[in-house]
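Just below is one structure, and these are the notes that go with it.
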Amino acid sequence: MTKISPSLLAADFCRLDRELDKITAVGAEWLHLDVMDGVFVPNISFGIPVIQSLRKISKLTFDVHLMIQEPLAYVDAFADAGADFLTFHLESGSDPQKTIEAIHARGMKAGISIKPGTPAEAVLPYLPQVELVLVMSVEPGFGGQKFMPSCLDKIRAIRAASDTVEISVDGGINGMTGALCREAGASVLVAGSYVFGAKDPAEAIASLR
Ligand code: DX5
Ligand code: ZN
């Protein structure tokens with residue numbers, strides 16, 4: 001079954017504990033945590049202390065999406081904070097091979113992400129080594145943007161190359177775009193505004209499966 005990873009970026013930051021309770025109660029398996037440094041993307045979100053605090057109150061799978069320059073330098077800090085999956089961008093300046101090895105050495109699962117302008121072929125050499133590929137369906141940096149259908153061919157190409165890797169899609173996911181991604185081969189759907197902004201989050205999550 002498709003795993004749903006609600007993106008914390010769209011939550012009410014005054015009430016993170018309640019927000020986590022809410023999505024846990026309606027059956028989300030993962031929590032997507034967007035870390036932005038104002039350099040790799042033109043926005044700043046939250047970082048290590050927030051993840052560390054939430055780890056104490058949640059058993060959800062922490063799916064950390066690093067939108068930062070030089071992610072290799074921060075692998076240990078995110079391991080200590082309690083990340084389960086640590087995903088970095090292929091475009092972010094650290095050597096991908098070394099970064100994957102550092103993530104595994106700390107007992108986390110490794111993810112590699114590509115922006116809309118990066119072709120699927122760029123991640124294919126890393127498929128045997130990573131547990132997850134995160135295909136961006138918007139330019140990274142902000143929630144609430146419109147889904148780019150060009151991600152669907154990339155999902156198909158990655159799925160054709162691996163039956164087992166988790167393929168996650170991030171940006172503009174709702175009931176309709178989520179179905180397109182599932183048909184293309186995605187196994188994880190990241191959804192921010194669609195889940196946290198929903199009147200009925202249970203219904204939103206059900207419509208994504
Ligand atoms: C964007 C982030 C996304 C974002 C998705 O850079 O990586 O995870 O929170 O938000 P929605 O689902 O609202 O497009
Ligand atoms: Zn994200």
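In what follows, residues are counted from 1 in the order of the sequence shown. Just so you know, ligand 1 is whichever comes first in the structure, and atom 1 is the first atom listed for that ligand.
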Do me a favour and list the nearest non-hydrogen protein atom to atom 13 (O) of ligand 1 with residue, atom name and distance? Ser193 OG, 2.5 Å
Less than 6.0 Å separating the ring centroids of Trp30 and Phe62? no
Which of the ligand 1 atoms, numbered from 1, are nearer than 4.0 Å to a heavy atom of Gly171: 14 (O)
List ligand 1 atoms under 4.0 Å from Pro140, heavy atoms only on the residue side. 6 (O)
With atoms numbered from 1 as shown, which atoms in ligand 1 lie under 4.0 angstrom from a non-hydrogen atom of His32? 8 (O)
Spell out, as yes or no, whether a donor-acceptor pair under 3.5 Å connects the side chain of Glu29 to the backbone of Ile4. yes
All heavy atoms of Leu132 vs all of Val165, minimum pair found to be N-CG2, 3.8 Å
Does the Lys NZ or Arg CZ of Lys22 fall within the cation-pi geometry relative to Phe196 - under 6.0 Å from the ring centre and within 45° of the axis? no
Is atom CD of Glu203 surrounded by more than 12 heavy atoms (other residues, nucleotides or ligands) closer than 6.0 Å? no
Determine which of the N, O or S atoms in Asp34 is closest to the Zn ion (ligand 2) and give its atom name. OD1
Is there a polar contact between ligand 1 and Val138, counting only N or O atoms under 3.5 Å apart? no
Polar side-chain atom of Ser45 near backbone of Met36 as donor-acceptor pair, under 3.5 Å: yes
Using a strict 4.0 Å cut-off to heavy atoms of Gly141, name the atoms of ligand 1 that fall inside it. 1 (C), 6 (O)
Identify the closest protein heavy atom to atom 11 (P) of ligand 1: which residue and atom is it, and at what distance? Gly144 N, 3.6 Å
Can you list the atoms of ligand 1 that are under 4.0 Å from a heavy atom of Met136? 7 (O)
Does the N or O separation between Ser7 and ligand 1 drop below 3.5 Å for any pair? yes
Would you mind listing which atoms of ligand 1 come within a distance below 4.0 Å of any non-hydrogen atom of Leu9? 9 (O)
Might you point out which heavy atoms bring Leu60 and Arg55 nearest each other, and give the distance in Å? O-NH2, 2.8 Å
Protein heavy-atom partner closest to atom 14 (O) of ligand 1 - residue, atom, separation in Å: Gly172 N, 2.8 Å
Nearest N/O/S atom of Asp170 with respect to the Zn ion (ligand 2), by atom name, please. OD2
Is the side chain of Lys154 donor-acceptor paired with the backbone N or O of Thr118 at a distance under 3.5 Å, no angle test? yes
By salt bridge (Lys or Arg N to Asp or Glu O under 4.0 Å), which residues pair with Glu166, not counting sequence neighbours? Lys3
Nearest heavy-atom neighbours spanning Met136 and His89: CG-CE1, 3.8 Å
Is there a donor-acceptor contact under 3.5 Å from the side chain of Ser168 to the main chain of Leu189? no
Whether Thr177 side chain and Gly172 backbone form a donor-acceptor pair below 3.5 Å: yes
Taking side chain to side chain donor-acceptor pair (under 3.5 Å) as the definition, give me every residue that meets it alongside Arg106, ordered by chain and number, with sequence neighbours left out. Asp76, Asp80
Where on Phe142 is there a heavy atom closer than 4.0 Å to ligand 1, on the side chain, on the backbone, on both, or on neither? backbone
Atom 10 (O) of ligand 1: closest protein heavy atom, distance to 0.1 Å, is Gly143 CA, 3.5 Å
Please state which protein non-hydrogen atom is closest to atom 5 (C) of ligand 1 and give its distance, to 0.1 Å? Asp170 OD1, 3.5 Å
Look only at interatomic distance and state if Asp34 has a nitrogen or oxygen under 3.5 Å from any nitrogen or oxygen of ligand 1. yes
To the nearest 10°, what's the angle at the Zn ion (ligand 2) between atoms ND1 (His65) and NE2 (His32)? 100°
Within the 4.0 Å heavy-atom shell around His65, which atoms of ligand 1 are there? 7 (O)
Please indicate whether any nitrogen or oxygen in Gly192 is less than 3.5 Å from any nitrogen or oxygen in ligand 1. yes
The atoms of ligand 1 lying under 4.0 Å from a heavy atom of Met67, numbered in the order shown, are 6 (O), 7 (O)
